[in-house]
Amino acid sequence: MDGYLSIAIDTPLRRLFDYRPPEGMAAGSLVPGQRLWVPFGKRRTIGILVGHQRQTSLAEHKVRRAFELIDTDPVFDKVLLDLLLWSADYYRHPVGEVLAAALPGALRKGAGVESIERSWLLTPAGQQEAESLISPRATRLLALVRTLRESGSDAGMTAEALDVALPGWRDAARNLIDRGMVQQVERRPSKNSAQTGVRLQGPELGEAQRAAIASIEANLNGFATLLLDGVTGSGKTEVYLSAIETVLATGKQALVLVPEIALTPQLTQRFADRFAAPLAVLHSSLTDAERLAAWRSAKSGAAGIVIGTRSAVFAPLARPGLIVVDEEHDASYKQQEGFRYSGRDLAIARAQRHGVPVVLGSATPSLESLARLARPGARAPSGHLVLPQRAGAATAPRMGVIDLRQHAANQGLSTPAMLAMRRHLDAGGQVLLYLNRRGYAPALFCPGCGWAAPCPSCDARLTVHRQDNKLVCHHCAREQPIPAACPVCQAPTKPVGQGTERIEESLGAIFPGVPLVRIDRDSTRRKGELDAAMERIHSGAARILVGTQMLTKGHHFPDVTLVIVMNADQGLFSTDFRASERLAQSIIQVAGRAGRASRPGEVLIQTEYPDHPLLQQLLAGGYGAFATAALKEREAAGWPPFSRLALIRAEATTEEPPMRFLAAARRIALPVGRKVSLLGPAPAPMQRRGDRYRAQLLLQAGTPSPLQMFLAAWITQLEDLPESRKVRWSVDVDPLELF
Ligand code: ADP
Ligand code: ZN
Ligand code: ZN
């Protein structure tokens, strides 16, 4: 008896499946990470081998036989497979779905691991005698012969090249292959990246940059977590580029993770300009074919550098040398649905398994990453690489607050802010206004009776979108026309509060004729709109920039000299323990857009709470002072990073079942001891969203392992609870959002 295969299948079941090896194959000849076609219920599907088993818990005759092996080379190597299995455990997510999430769609459907290039060329007979063998009237055949001959390449021509040179060539090729004048050859592209080295030199590096690079290079031979903590514009990207140059020179690959944002192309371009080595780029807007091609070149090692968003943390690497996580604090590294992993945290886990360093870069490091540096007894080397100053001639912007209690805002803009705008515009600078609220106004009120337009599906108000003349729910995307009058008392309604659309409108009146560009999700929805807006900013055509969070991330706007934070108060009094961290990060990030070139910058923050400690810390001591204070608060309150959390969420179309399910979950959790505490169940802060009622149960433990041990046993029991059948539920380990 040769044993069984443990196979992962893309289903929501939290288990593996036993199979016999395909007919005529020994189980032991198969390697974990290989794909197989297997029977599953009545379907034929793809499974991934994760291990072997001497025995099966099924009755012998019930174990089905896999149909056939797909791969010679496994889709996941040992390290990656190990990382994925560990992630499935850690995040308590069905293993088949975890493995599927790590593969491009084409590979989930059976595409091959290796790319095979097909090309067509003339046989010796075709070379010498084609003209005498082919009738002069067969012009299409003769045209193909001529095209292949004139290509002058011994390797022949690819289908892509022939499509361009001679549309409709395939019939002719088939005819000539049958007659022995043309042949088709297949070859595998070379495994080593053809070129290394630098195409374009970077700037002369500063002292702090050189020190940071030296620290990274000193750690290239093993696992280390290095925090590159550099103020905005300090030249962090130059540090990555330089360290990567060294990695490429030793024949290894670098994996660079970037947040899920529009600036991927800009960063990619900087890498492409700098290095001769080919890049593989992985992000959400690729076609299946593009994603597959990038995956293959990462896996074969043809790509020296692999750049991608969150899920690129699972990109295969032939010769890993370094992992970089740019803007490591960014919330988009956390997958918020399905397999809820943190791309940043998995980058660290992966680097450890490969024995390579990981560089986490940010101007506003997450409190998790800062705390990691301080943790006594950390087993692996860690380092805090600091770039305290802006690169080149740029200086740090001056920051100040405008007290909205003294200077009433007109249409969201106070007089001092307006005067500052005038001054900067007159001096030829660009001005950026940051407001993290898209649409025209966050609510539609009735002054007569106090009615506010509610979303019929959520516990939320509808946002007024004047441009589309609609009320839109930002939580469930429901839309409806703007009512002409209050449905209760018939009085005329009034939009209340400020959104980016409204600011755009008022600025048009305050600064007539000054060209303005608005950047938010609505203004950049169509393809090309964001590029066009960026072009207007960079060319200087636009003088005023209004935007949401989209404007705060990474962009380099050399002519912006003034940044106005329209309203800092939304994040000051939130119940979410991470709100202050997020607010501080976005203020510092948006402030970082000011004065990035030779012109000095100014940042003005409008607030009704100028004495709030958070703002005071930021103004007096920058992000570092804020982070130190915030870490103390977290420690006192026992929140992460000084504890670990997991959140069980449940939802249903009626109010009762989620609470009932979570109460039952809590009941069976009672005998767990004191190391894990349970808070709840409670209705979610926004209980009803998209016509579903939501509730949650929070788990907290001092350290990861008791929480892990507890979850491992408990989650499987939850599946068996009868109450679980009436709800949709999920588990979120290390949640970023507590609702
Ligand atoms: P960060 O990633 O920290 O925001 P970048 O690496 O993008 O910073 O650098 C900001 C700007 O400063 C870029 O235009 C970059 O080319 C330039 N820069 C970086 N390092 C230097 C340097 N040592 N000397 C001059 N300019 C530099
Ligand atoms: Zn009314
Ligand atoms: Zn809604």
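For ligands, and for the atoms within them, numbers begin at 1 and follow the listed sequence. All values reported here derive from a predicted model rather than from experimental measurement. Residue numbers run from 1 in the order of the sequence given.
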Among D520, D522, D468, find the one that has a salt bridge (charged side-chain N to carboxylate O under 4.0 Å, His left out) with R438.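 Option passing the salt bridge (charged side-chain N to carboxylate O under 4.0 Å, His left out) with R438: D522.
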Nearest 10° is fine: what angle sits at the Zn ion (ligand 3) between SG from C473 and SG from C476? 110°
Quick one: angle C458 SG - the Zn ion (ligand 3) - C455 SG, to the nearest 10°?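 Result: 110°, to 10°.
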Holding to salt bridge (Lys or Arg N to Asp or Glu O under 4.0 Å), I want the full list of residues that pass it with D345, two or more places apart in sequence or in another chain.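 Salt bridge (Lys or Arg N to Asp or Glu O under 4.0 Å) check on D345 returns nothing, list empty.
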Atoms of ligand 1 close to G206 [distance to a heavy atom under 4.0 angstrom, numbered from 1]: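 In order of number, 23 (N).
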Which atoms of ligand 1 have any heavy atom of L205 under 4.0 Å away?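 Every atom of ligand 1 under 4.0 Å from some heavy atom of L205: 23 (N).
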I'd like to know if [X] pairs up with [Y] as an ion pair, taking the criterion as any Lys NZ or Arg NE/NH1/NH2 lying under 4.0 Å from an Asp or Glu carboxylate oxygen.
X    : Y    : result
E368 : R578 : yes
R649 : D732 : yes
R466 : E501 : no

Give a yes or no on whether H475 keeps an N, O or S atom under 2.8 Å from the Zn ion (ligand 3). no
From the Zn ion (ligand 3) out to just under 2.8 Å, does an N/O/S atom of H474 turn up? no
Selected option - heavy-atom contact closest to atom 20 (N) of ligand 1, from E204, E327, Q209, K236: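 It is Q209 whose heavy atom sits nearest to atom 20 (N) of ligand 1.
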Out of E238, E207, R210, who gets a non-hydrogen atom closest to atom 16 (O) of ligand 1? E238
If we only consider heavy atoms of R390, is any one of them less than 4.0 Å away from an atom in ligand 1?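 It does not, in that no heavy atom of R390 comes within the 4.0 Å cut-off of ligand 1.
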With the Zn ion (ligand 2) at the center, what angle do SG from C449 and SG from C486 span, rounded to 10 degrees? 110°
Report the part of P203 in contact with ligand 1, treating N, CA, C, O as backbone and CB onward as side chain, heavy atoms under 4.0 Å; options are side chain, backbone, both, neither. side chain
Compute whether any side-chain donor of one residue and acceptor of the other, for [X] and [Y], lie under 3.5 angstrom apart.
X    : Y    : value
S285 : H283 : yes
Y623 : Q585 : yes
E328 : S366 : yes

Is there a polar contact between ligand 1 and G233, counting only N or O atoms under 3.5 Å apart?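 N/O-N/O distance under 3.5 Å: yes.
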